[in-house]
Amino acid sequence: MERLMDRQALRRWRMGCGGRVAFVPTMGALHAGHLALVAAARQHADHVIASIFVNPSQFAPNEDFSRYPRTLEQDQVLLEQAGCGALFCPSVAEIYGDGCQTTLRVEPLGSDLCGRFRPTHFQGVALVVAILLNLVRPDQMFLGWKDYQQVILLRKLVRDLALPVEVVGVPTVREADGLALSSRNRYLTPADRQQAVGICRALESVQCSWQGGERRLEVLLASARQVLASFEIRDIDYVELRDAETLEPLLAQEQQSVGQRPVLLIAARVGSARLIDNRVLS
Ligand code: PAF
């Protein structure tokens with residue numbers, strides 16, 4: 001696997017690629033969820049390139065940018081074993097030059113759900129992904145469905161800017177007990193870890209009610225909140241049922257009978273970690 005540190009090396013690598021190129025953007029601290037993205041990418045493309053860049057612009061000053069796990073050497077071994085062809089790991093200056101003056105806002109989606117609690121987060125994500133896509137020029141970009149809002153938002157960005165790339169979502173990889181893999185799970189103490197699985201249990205409980213025919217929005221949301229409470233998860237940012245394609249709120253007439261294909265989204269803090277997870281009900 002080639003390790004590319006700057007734009008010039010990336011350009012040279014890219015010019016040597018015949019056929020389809022798939023891109024897996026990451027912030028490193030890789031786990032099996034990231035490796036599933038590489039595996040999916042390999043099925044679709046002749047060349048797979050991953051990036052590792054802990055993007056400062058998607059963290060607010062009070063967030064975990066400085067303590068975000070950085071495990072570059074280990075990540076490189078994992079990517080190599082997964083059959084990734086190249087790794088782009090630029091510095092902040094390589095991405096943002098001598099001070100980027102451009103902002104990208106995908107609104108209102110970027111200010112909704114996680115955006116309500118992390119107001120500048122999706123601007124940072126949109127900006128860095130647009131820059132990375134311009135540099136890598138892939139045919140496809142692979143992202144995990146665990147970050148459901150990120151996938152929908154980046155699909156919108158790509159459509160709005162007519163970027164010639166397909167955004168492919170890959171199913172969430174979970175621990176044996178159901179906890180969604182996340183680089184931030186490293187922040188969990190053993191006691192937090194036992195609590196954290198409550199998020200997945202809440203999703204399962206709603207899925208179960210849904211399969212049993214329950215369609216009342218308030219009843220479905222109350223059941224998720226009840227499970228979270230039983231795991232003593234009290235610091236909840238949101239529990240929401242939204243349209244799975246657009247993430248728009250369900251229509252007023254759907255409050256009594258939720259329509260075809262909603263997605264249940266949860267964001268909550270457990271210990272010092274902010275965790276998100278989701279389940280499409282269908
Ligand atoms: O999902 C992530 O790891 C990041 O938000 C991404 C897409 C790599 C942009 O920094």
Side-chain angles (χ1 to χ4, degrees), residues 4 10 22-38 40-41 48-60 63-72 75-76 78-79 82 84 86-96 100 102-106 109-110 113-115 117-136 138 140-158 161 163 165-173 180-187 247 265 267 273-278:
L4 315 166
L10 174 61
F23 176 45
V24 179
T26 82
M27 297 206 299
L30 302 183
H31 51 66
H34 296 108
L35 303 179
L37 301 180
V38 173
V48 176
I49 177 166
S51 64
I52 294 181
F53 180 65
V54 186
N55 174 33
S57 73
Q58 70 188 72
F59 292 82
E63 290 183 343
D64 56 341
F65 174 70
S66 54
R67 74 167 177 143
Y68 197 85
R70 287 158 173 88
T71 56
L72 186 57
D75 291 348
Q76 195 174 336
L78 290 173
L79 287 171
C84 189
L87 169 62
F88 182 44
C89 32
S91 64
V92 173
E94 202 58 41
I95 291 296
Y96 291 119
C100 175
T102 300
T103 52
L104 269 178
R105 292 163 56 90
V106 183
L109 183 52
L113 297 167
C114 284
F117 302 88
R118 307 183 71 192
T120 54
H121 171 67
F122 286 114
Q123 286 180 47
V125 171
L127 183 61
V128 79
V129 169
I131 294 170
L132 288 168
L133 288 175
N134 274 330
L135 294 173
V136 177
Q140 290 175 314
M141 172 167 69
F142 287 77
L143 298 168
W145 276 121
K146 187 188 73 72
D147 298 309
Y148 200 96
Q149 187 177 6
Q150 175 169 273
V151 176
I152 301 294
L153 180 131
L154 291 176
R155 277 194 175 152
K156 189 79 183 90
L157 174 92
V158 157
L161 298 182
L163 301 177
V165 62
E166 182 193 355
V167 177
V168 183
V170 176
T172 303
V173 178
L181 295 194
S182 161
S183 304
R184 290 190 167 96
N185 290 352
R186 295 170 197 231
Y187 301 155
L247 285 182
L265 304 125
R274 182 178 185 278
L275 303 178
I276 54 174
D277 203 351
N278 64 80

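Just so you know, these numbers use all the heavy atoms, side chains as well, and skip hydrogens, waters and symmetry mates. In this chain, numbering begins with 1 at the start of the sequence shown. Every number for a ligand or one of its atoms is a count from 1 in the order of the listing.
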### Task
Examine Arg155 relative to Tyr148 and say whether NZ or CZ is less than 6.0 Å from the centre of the six-membered ring and inside a 45° cone about the ring axis.
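Pair Arg155/Tyr148 does not count as cation-pi.
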
### Task
May I ask you to identify the nearest protein heavy atom to atom 3 (O) of ligand 1, giving residue, atom name and distance to one decimal place in Å?
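Closest protein heavy atom to atom 3 (O) of ligand 1: Met27 CG, 3.6 Å.
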
### Task
Say whether Gln58, considering both its backbone and side-chain N or O atoms, lies within less than 3.5 Å of an N or O atom on ligand 1.
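Yes.
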
### Query
When only distance counts, is Thr26 in polar contact with ligand 1, meaning an N/O pair under 3.5 Å?
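So ligand 1 has no N or O lying under 3.5 Å from an N or O of Thr26.
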
### Query
Do Glu63 and Arg274 touch side chain to side chain, with heavy atoms closer than 4.5 Å?
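SC-SC contact between Glu63 and Arg274 ruled out.
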
### Task
For residues Leu10 and Val136, determine if any side-chain heavy atom of one lies less than 4.5 Å from a side-chain heavy atom of the other.
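Side-chain contact under 4.5 Å: yes.
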
### Task
Go through the side-chain N and O atoms of Tyr96 and Asn55 and say whether any donor and acceptor fall under 3.5 Å apart.
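Yes.
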
Find all atoms of ligand 1 within a distance of less than 4.0 Å from any non-hydrogen atom belonging to [X], and give their numbers and elements.
X      : value
Gln150 : 1 (O), 2 (C), 4 (C), 5 (O), 7 (C)
Pro25  : 8 (C)
Val128 : 9 (C), 10 (O)

### Message
Once rounded to the nearest 0.5 Å, what's the spacing between atom CG of Leu30 and atom CD of Gln76?
### Response
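Going from the CG atom of Leu30 to the CD atom of Gln76 covers 10.5 Å.
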
